[in-house]
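Data block below; observations after.
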Amino acid sequence: MKRIAILQSNYIPWKGYFDLIASVDEFIIYDEMQYTKNDWRNRNKIKTKNGVEWITIPVKIDSLHQKINQTQIFDPRWVKKHKATIQTNYAKAKCFEETKDFVFDLYEKVKSEEYLSKVNYIFIQEICKYLGITTKISLSSDYNLIEGKTERLVDLCIQTRATHYLSGPAAKEYLVEELFNEKDIVLEWMDYSNYKEYNQLHPPFEHGVSILDLIFNEGENSRKFLKF
């Protein structure tokens, strides 16, 4: 049996993204899709004393049809700004002192990167290592992509020799399950419910924030609040 999942890259994703990665044998970052504005590709949420706020990587929009892996960063000062925002809002978190070097070193590692997709890839890879996730991470550009939303995913399952495809629940709106069945591929749905709350700063508790929130608040205990 081989299970795969396929998602577009996100900037410092929430914990559910990493649980999905941990639940499969191969995770494919789907970066040859069209870049979408005001989405998770270049931004995510953190907790502050004033509630949930976005931190965003500034990117160039040269075309309405540009792909995620063609999207460039236009202001190199974003790294300095994000580090300062994190310092301000998480300095009092329980595990900030023991985890800040790991996170800030990551920011230094990506500050010269020109493309958003590469920044996201580095963050995802390194955070997986921190969490003990050993799933193989591939890029959609490693494979041949055919036309059709569901057809393309089924074909990627065939190329990777997957027997099971694990999808996020939002895809129930458009995935055609019969196309998976025709190829003897089992379509499964990720369950993002019933996460445990952790010692988060600034109540009320919010699950849908960046994984960095969990890391700063729980450090080495972060895995206890994931499902894998």
Side-chain angles (χ1 to χ4, degrees), residues 1-44 57 59-73 113-125 127-128 133-193 208 211 227-228:
M1 185 184 89
K2 180 178 180 179
R3 178 182 287 115
I4 70 166
I6 304 168
L7 283 182
Q8 297 176 39
S9 72
N10 290 356
Y11 172 53
I12 50 173
W14 81 301
K15 59 192 174 187
Y17 192 104
F18 290 94
D19 259 330
L20 182 72
I21 296 175
S23 299
V24 298
D25 301 294
E26 181 175 354
F27 177 73
I28 299 175
I29 298 178
Y30 202 13
D31 276 357
E32 292 182 280
M33 290 290 289
Q34 180 179 332
Y35 174 80
T36 47
K37 292 176 64 178
N38 302 321
D39 214 333
W40 302 99
R41 309 306 147 239
N42 67 318
R43 65 179 189 162
N44 220 300
I57 300 177
V59 297
K60 300 177 185 178
I61 307 296
D62 297 318
S63 165
L64 293 176
H65 305 291
Q66 75 186 41
K67 298 176 181 178
I68 299 169
N69 60 9
Q70 296 171 330
T71 301
Q72 293 176 282
I73 298 168
E113 293 294 342
E114 182 181 357
Y115 287 90
L116 172 67
S117 182
K118 186 63 181 296
V119 169
N120 290 350
Y121 178 75
I122 291 171
F123 269 101
I124 290 167
Q125 264 204 327
I127 292 172
C128 278
I133 299 171
T134 58
T135 299
K136 176 184 177 181
I137 298 178
S138 306
L139 301 173
S140 56
S141 55
D142 296 334
Y143 298 99
N144 297 317
L145 301 181
I146 65 171
E147 294 300 319
K149 280 187 177 180
T150 302
E151 291 85 350
R152 181 176 292 180
L153 299 179
V154 171
D155 191 63
L156 283 169
C157 287
I158 293 169
Q159 290 185 60
T160 58
R161 299 182 179 181
T163 57
H164 294 65
Y165 178 70
L166 181 61
S167 174
K172 288 182 179 180
E173 296 181 7
Y174 64 84
L175 285 188
V176 182
E177 188 166 0
E178 289 77 11
L179 296 180
F180 287 91
N181 294 336
E182 288 173 5
K183 301 297 182 181
D184 294 321
I185 298 164
V186 178
L187 177 59
E188 301 174 322
W189 302 102
M190 185 69 182
D191 180 7
Y192 292 129
S193 64
I211 189 72
K227 294 184 176 182
F228 73 93

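Values below: all heavy atoms of this structure, side chains included; hydrogens, waters and symmetry mates excluded.
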Identified side-chain contact (heavy atoms from CB on, under 4.5 Å) counterpart of L153 within the set L145, I6, I146, L179: I6

Option among I133, I122, I21, I211 that satisfies the side-chain contact (heavy atoms from CB on, under 4.5 Å) test with I127: I211

Aromatic ring pairing F180/Y165, orientation class (parallel under 30°, perpendicular over 60°, tilted between):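 Parallel, since the angle between the ring planes stays under 30°.
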
Validation row: D62, Q72 side chains within 4.5 angstrom (heavy atoms): yes

At what distance, to the nearest 0.5 angstrom, does [atom1] of [X] lie from [atom2] of [Y]?
{"X": "Q34", "Y": "S63", "atom1": "CD", "atom2": "OG", "answer": "8.0 Å"}
{"X": "Y115", "Y": "I68", "atom1": "OH", "atom2": "CD1", "answer": "14.5 Å"}
{"X": "S9", "Y": "F123", "atom1": "OG", "atom2": "CZ", "answer": "12.5 Å"}
{"X": "E113", "Y": "N120", "atom1": "CD", "atom2": "CG", "answer": "11.0 Å"}
{"X": "I4", "Y": "T160", "atom1": "CD1", "atom2": "OG1", "answer": "3.5 Å"}
{"X": "N42", "Y": "I73", "atom1": "CG", "atom2": "CD1", "answer": "9.0 Å"}

V176 and K149: CA distance, side-chain angles, deciding distance, side chain to side chain contact (heavy atoms under 4.5 Å, CB included) verdict: CA-CA 9 Å; V176 182; K149 280 187 177 180; over 6 Å; no

Taking all heavy atoms of [X] and all of [Y], pick out the closest pair and write down the distance.
{"X": "L166", "Y": "M190", "value": "CD1-N, 3.6 Å"}
{"X": "M1", "Y": "T163", "value": "CG-OG1, 3.2 Å"}
{"X": "N44", "Y": "W14", "value": "ND2-N, 4.2 Å"}

Donor-acceptor side-chain pairing of S141 and E32 below 3.5 angstrom: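 No.
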
Between D155 and Y143, a side-chain donor and acceptor under 3.5 Å: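 D155 vs Y143: no donor-acceptor pair found between side chains.
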
Would you confirm whether [X], through its side chain, and [Y], through its main-chain N or O, come within 3.5 Å as a donor-acceptor pair?
{"X": "D39", "Y": "R41", "result": "no"}
{"X": "D31", "Y": "K67", "result": "no"}
{"X": "Q159", "Y": "N144", "result": "yes"}
{"X": "S138", "Y": "I28", "result": "no"}
{"X": "T135", "Y": "V24", "result": "yes"}
{"X": "K2", "Y": "D25", "result": "no"}
{"X": "Q66", "Y": "K60", "result": "yes"}
{"X": "N69", "Y": "S117", "result": "no"}
{"X": "K172", "Y": "W189", "result": "no"}

Residue K227 excluded, over 12 heavy atoms near NZ under 6.0 Å: yes

Step-by-step side-chain hydrogen bond (donor to acceptor under 3.5 Å, both in side chains) determination, Y192 to D19: CA-CA 9 Å; Y192 292 129; D19 259 330; over 6 Å; no

Between Y17 and F27, ring centroids under 6.0 Å: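 Yes.
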
